[in-house]
Amino acid sequence: MLDRRVRRRLENQVGPGHLRTAAADLAAYAYDAYGAAGERRLPDAVAFPADTDEVSRIVQVCAEHDVPIVPRGAGTGYVAGAVATRGGVVLNLTRMRHGLSLDREAARIRADAGVITADLHHLAAAAGLYYPPDPGSATTSTIGGNVATNAAGSHALRYGTTADYIVGATAVTADGRVRRLGEGGAASDLLPLLPGSEGTLAVVTDVVLRLLPAPAARVTLSAAFDDLAKACACVAALSDAGIVPAALELLDSAALRAVAETGTVTVPAAEALVLVELEGDEAVVAAERETVRTTLEKAGASIVDSASGADAHRLWAVRKAVSAAVATLMIGKVNEDVVVPRDRINELVAEAPLIGDRHEVPVVTFGHLGDGNLHVTFLIDPRRPGDRRRGDAAAADLFDLVLRLGGSLTGEHGVGTAKLGWVERQLGAAGVEMMRRIKEHYDPRGILNPGIKVPGRVEALEPAAV
Ligand SMILES: Cc1cc2nc3c(=O)[nH]c(=O)nc-3n(C[C@H](O)[C@H](O)[C@H](O)COP(=O)(O)OP(=O)(O)OC[C@H]3O[C@@H](n4cnc5c(N)ncnc54)[C@H](O)[C@@H]3O)c2cc1C
């Protein structure tokens, strides 16, 4: 509970109506997209700053009183990272969404932290430019949240993640100082640390991103397989054929059934579906299209369809529908984003259903096949006794498997609180110590997102019930 004086001071920074403390308002901020799996943690207040100065003043007040601050964009994160593990103030940045401008000559876009990712895509495309990072949540997520999680997406295979595009930012550090970093500001060690920092080092209030020229041609191929292992073997086959797709995506049979059950999209009868997107010069894409078609057929695809322009949406529709479709199967999902080396993908997809069977939780697998970043998703109903525990146990077995395969616990969603207990297993004590030192350097009092991403010296909080 916030001290009344602190609350009054915070209210004075953002103005009437922009600080919420009523229980009904706070409840909406007790979870992010991971919350469907049952995690709830209440903040003491939610502040809605209008600009960088207001963010700075709120952080100063919180720093003076040792009140935790939880930066938050759209709350689409899948790891319970934008939730208050120790109370304090959720800093909702979605009012800061009006600053969005493009410099065509310089191929740069500047965006306030609360700008929706898709708005940035549209502005770039209208100018004949291209911003490749495309999380599946792009129509909802904010660019500040994308930076904080180093968001990726289907096109990360060829173009990389948000970290590869950020060239400048305004950040408010834990003492409330406003720092302009990179292009248009000072050279700084902090800028390259922001992507993936999950709100633990600074609050990002605006960003400058580099853009690419839009590809002249783009074509999508969709291939249906009667066997999941054959579908996974496409990765090596396409690589052997010298193809670097812009995107290479997979849906297993459970994912296809989930989409089919929605009745909104035509789904081919198959055990697995692979989508390949090619981008580049007209002539290159045309030649690659034929190579990819032949390669997919040789790999055992029963149907290969291809489309370009607006018609390509027809092929992407199945992939785009999958997250929402899976959510209709059961009320909760533990949606992991594990990564394994590409030559170990087959072992991951073969073992995932066995893990689900062992813990009696249905499992659906889909995602970014080309870079071994797959969303192994366990379905649970948190209202049912034992389901939450079974989901967590299945996730633990999955993490165990992934580390044995030489992979990583997260390819794009981050650590949040959901994977905090596993960080040391992956990075080792020295890796965690380095994270702590960086955290302590930028946030010595530990007020920015405590209990998120960086394992504490004394850890693991039990989930707080609401
Ligand atoms: C349907 C669906 C599909 C998804 N697909 C993908 C995908 O393909 N690729 C992918 O990478 N992710 C994906 N995600 C996960 C999620 O959308 C991303 O992590 C996204 O970047 C989060 O943005 P947000 O604005 O919702 O951030 P939030 O969820 O609000 O916050 C996420 C983290 O960032 C911190 N944060 C937020 N804003 C700031 C800021 N301005 N300054 C400092 N810290 C901040 C928060 O404290 C928190 O730790 C998906 C999620 C959903 C629901």
| message | Show every side-chain hydrogen bond (donor to acceptor under 3.5 Å, both in side chains) that has at least one partner inside residues 88-98, sequence neighbours left out. | response | H18-R95, Y29-N92, N92-T94

Heavy-atom distance under 4.5 Å between the side chains of [X] and [Y], does that happen here?
| X | Y | value |
| --- | --- | --- |
| V203 | L93 | yes |
| E277 | V219 | no |
| T142 | T117 | no |

Would you give me the side-chain donor-acceptor pairs under 3.5 Å for residues 208-218, sequence neighbours excluded?
residue	atom	partner	partner atom	Å
R210	NE	D164	O	2.9
R210	NH2	D164	O	3.2
R218	NE	E279	OE2	2.6
R218	NH2	E279	OE2	3.2

| Qualifying residues under side-chain hydrogen bond (donor to acceptor under 3.5 Å, both in side chains), relative to R8, sequence neighbours excluded | none

| message | Using the side-chain hydrogen bond (donor to acceptor under 3.5 Å, both in side chains) criterion, which residues pair with E183? Sequence neighbours excluded. | response | R108

So, for [X] and [Y], which heavy atoms are closest and what is the spacing to 0.1 Å?
| X | Y | answer |
| --- | --- | --- |
| V147 | I166 | CG1-CD1, 3.9 Å |
| L448 | G199 | CB-O, 3.5 Å |
| H413 | D337 | N-OD2, 2.6 Å |
| L2 | V89 | CD1-CG2, 4.4 Å |
| T365 | A352 | OG1-CB, 4.2 Å |
| P49 | M96 | O-CG, 3.6 Å |

| task | Might you work through the side chain to side chain contact (heavy atoms under 4.5 Å, CB included) test for L379 and V363, ending with a clear yes or no? | result | CA-CA 6 Å; L379 305 183; V363 56; over 6 Å; no

| query | Does the ring of F48 carry R20 above it, NZ/CZ under 6.0 angstrom from centre and within 45° of its axis? | reply | yes

| field | Pair listing, ring pair (Phe, Tyr, Trp, His ring centres under 6.0 Å) test, anchored in residues 429-457, at least two apart | value | none

| said: Treating E198 as the side-chain partner and V415 as the backbone partner, does any N or O pair qualify as donor plus acceptor under 3.5 Å? | reply: yes

| said: I'd like to know if the side chain of R110 and the backbone of S101 have a donor-acceptor N/O pair within less than 3.5 Å. | reply: no

| task | Take D66 and I447 through the test side chain to side chain contact (heavy atoms under 4.5 Å, CB included) and record every step on the way to the result. | result | CA-CA 7 Å; D66 274 334; I447 62 163; 4.1 Å; yes

Between [Y] and [X], is there a salt bridge with N-O shorter than 4.0 Å?
| X | Y | result |
| --- | --- | --- |
| E433 | R436 | yes |
| R7 | D3 | no |
| R342 | D371 | no |
| R9 | E64 | yes |

| remark: OG1 (T162) and CG (N146) are apart, to the nearest 0.5 Å, by 5.0 Å

Mind listing the side-chain donor-acceptor pairs of residues 69-80 below 3.5 Å, one per line with the distance, residues two or more places apart or on another chain?
residue	atom	partner	partner atom	Å
R72	NH1	Y31	O	3.1
R72	NH1	A82	O	3.1
R72	NH2	Y31	O	3.0
Y78	OH	K333	NZ	3.1

| query | Looking at R384, R383, R389, which hits salt bridge (charged side-chain N to carboxylate O under 4.0 Å, His left out) with D387? | reply | R384

| task | Name the orientation class of the two ring planes belonging to Y131 and Y165 (parallel below 30°, tilted from 30 to 60°, perpendicular beyond 60°). | result | perpendicular

| message | Pair S408, Q426 - check side-chain hydrogen bond (donor to acceptor under 3.5 Å, both in side chains), show working. | response | CA-CA 7 Å; S408 173; Q426 182 175 332; 3.1 Å; yes

| task | Please report the C-alpha distance between Y130 and H121 in whole Å, then the side-chain angles of each, then the deciding distance to 0.1 Å, and finally whether the side chain to side chain contact (heavy atoms under 4.5 Å, CB included) criterion is met. | result | CA-CA 7 Å; Y130 186 25; H121 286 144; over 6 Å; no

| Worked verdict on R41 versus T85 for side-chain hydrogen bond (donor to acceptor under 3.5 Å, both in side chains) | CA-CA 6 Å; R41 290 157 194 258; T85 61; 5.2 Å; no

